[in-house]
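Okay, structure first, notes after.
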Amino acid sequence: MLIEALSVIPEIFSPYLDASIMGRAQKSGVFEFAAHDLRNWTHDRHRTVDDAPFGGGPGMLMKPAPIFEALDDICSRGPMPHVVFFSPCGARFDQRHAERLATKERILCVCGRYEGIDERVYTLADDVFSIGDYVLTGGELAALVLIDSVVRLLPGALGDEASSVDESFSLESGLLEYAQYTRPSEYRGMGVPEVLLSGDHGRVDEWRRRNAIERTARWRPDLLDQADLDSDEWAFARSILRGELSD
Ligand code: SAM
C-alpha cells in the first residue's frame, strides 16, 4: 500500500511513522509513505495557501487552488488514490472505516489547517473523517491516527498476525477486548483471574468472551447491537446493563 499526506507541515509525519511498528512496516515493504508539501503548488513569492473567509469571521481558510492543483498532480502519478479529508464535521472514524481502507492500494490524506478549508475542495474527497468531537489545530494528527489504524491491519505489519483480529471493535466480535494480565500473578495485593493461570484453553476462551461482553455492556453498550451474541450472552449482557453484577 502507498500512503501519502498533503500538508503544510510535511515534516511532522516521519518522527512517528519511522519509529517502532510503523517504521518496521515501512522497512519491510508493508507500506510506503510520502508526505507532500502543499506550498509546492503555490505560485506567489510567499507560497500562500490561505486567505480570509468571504462574509467575514475570524481566522483564515485554506484556498482551493493549491489543493486542487496538488491533487491533479499527485493523482496523475500512478493508480488513483482513495482521497481522505479530515474535519470535525466529518463521519466519526472507526475500526470499520480502518478495515475498509486497509483494502485500498493507495490512500492520500489531505490535512487541513487554520480555520479549515474552502468548501469546494471537499468535492475531491472520497471520505471526510472526524477522529472525535473536539477541535485539533490541524489534520496531521488525525491522518496519523488513520494511518496507524490502517497499517496495523495490513498483513505482516504486526509480529503476530492474530493480534489485530482479537482486538477491540474487530469485525470478528464487535466487542471491546477482554482484560489481559501478565507476570507477576500477584502485584501489590492484586491477583489475576485464576482461570487464566489454569492452562485450560477452553475455559480461558470462555472467560475472555464473557469478560469482553461484560466490559462492552459496562463501557460501550452502544456496541452491543452490532455484536454477534447468542441468547444466553444477551441475557448476561442485560444483567450487566441492569447493574445486577456491578462491583
Ligand atoms: N473551523 C473548523 C470547525 O469548527 O469545524 C475547525 C478547523 S481545525 C482548527 C483545522 C483542521 O484541523 C481541520 O480542517 C481538520 O483538517 C483538522 N481537524 C480539527 N479537528 C479535527 C477532528 N476532530 N477530526 C479530524 N480532523 C480535525
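When a ligand or atom number is given, it counts from 1 through the structure's own listing order.
For the pair E69 (side chain) and P66 (backbone), a donor-acceptor distance under 3.5 Å is absent. At least one donor-acceptor pair closer than 3.5 Å links the side chain of Q26 to the backbone N or O of L17. Counting only distance, with no hydrogens or angles, the side chain of R96 and the backbone of F169 share a donor-acceptor pair below 3.5 Å.
When non-hydrogen atoms are compared, ligand 1 lies under 4.0 Å from neither the backbone nor the side chain of D133. Here F85 has no heavy atoms under 4.0 Å from ligand 1, in either its backbone or its side chain. The backbone and the side chain of S130 each have at least one atom closer than 4.0 Å to an atom of ligand 1 (non-hydrogen atoms only).
Residues R203 and E194 are paired through a salt bridge, judged by an N-O separation under 4.0 Å between the basic side chain and the carboxylate. Contact check on R210 versus E233 returns no salt bridge, with no Lys/Arg side-chain nitrogen under 4.0 Å from an Asp/Glu carboxylate oxygen. In this structure, R77 pairs ionically with D73, as a charged nitrogen and a carboxylate oxygen lie closer than 4.0 Å. Salt bridge absent: R238 and E244 never bring a charged side-chain N and a carboxylate O closer than 4.0 Å. Ion pairing between a basic and an acidic side chain is recognised when a charged N comes within 4.0 Å of a carboxylate O; D50 and R113 show no such pairing. A salt bridge links E214 with R218; the closest basic N to acidic carboxylate O contact falls under 4.0 Å.
For atom 23 (N) of ligand 1, the nearest non-hydrogen atom of the protein is Y134 O, 2.8 Å. Looking from atom 15 (C) of ligand 1 to the surrounding protein, the closest heavy atom is F86 O, 3.1 Å. The shortest contact between atom 2 (C) of ligand 1 and any protein heavy atom is with E115 O, 3.4 Å. In this structure, atom 20 (N) of ligand 1 lies nearest to the protein heavy atom L136 N, 2.9 Å.
Taking the six-membered ring for Trp and thresholds of 30 and 60 degrees, F129 and F93 have ring planes more than 60 degrees apart, a perpendicular arrangement.
The shortest heavy-atom distance from Y114 to ligand 1 is under 4.0 Å.
Between R113 and ligand 1, no pair of N/O atoms sits closer than 3.5 Å. Ligand 1 has no nitrogen or oxygen under 3.5 angstrom from a nitrogen or oxygen of C89.
When V135, V110, I131 are ranked by how near their heavy atoms come to atom 6 (C) of ligand 1, first place goes to V135. Scanning G57, G138, C111, P53 for the heavy atom closest to atom 12 (O) of ligand 1 points to G138.
Heavy-atom proximity to F129, at under 4.0 Å, picks out these atoms of ligand 1: 25 (C). Shown in contact with A142 at under 4.0 Å from a heavy atom are these atoms of ligand 1, numbered in order with element: 25 (C), 26 (N). Ligand 1 places these atoms under 4.0 Å from at least one heavy atom of G139: 12 (O), 16 (O), 17 (C). Residue T137 approaches ligand 1 through these ligand atoms, each under 4.0 Å from one of its heavy atoms: 10 (C), 12 (O).
Grouping the Ile, Leu, Val, Met, Phe, Trp and Tyr side chains by contacts below 4.5 angstrom, directly or via other members, places I107 apart from L2.
Note that atom 4 (O) of ligand 1 has no protein non-hydrogen atoms nearby, at separations under 4.0 angstrom.
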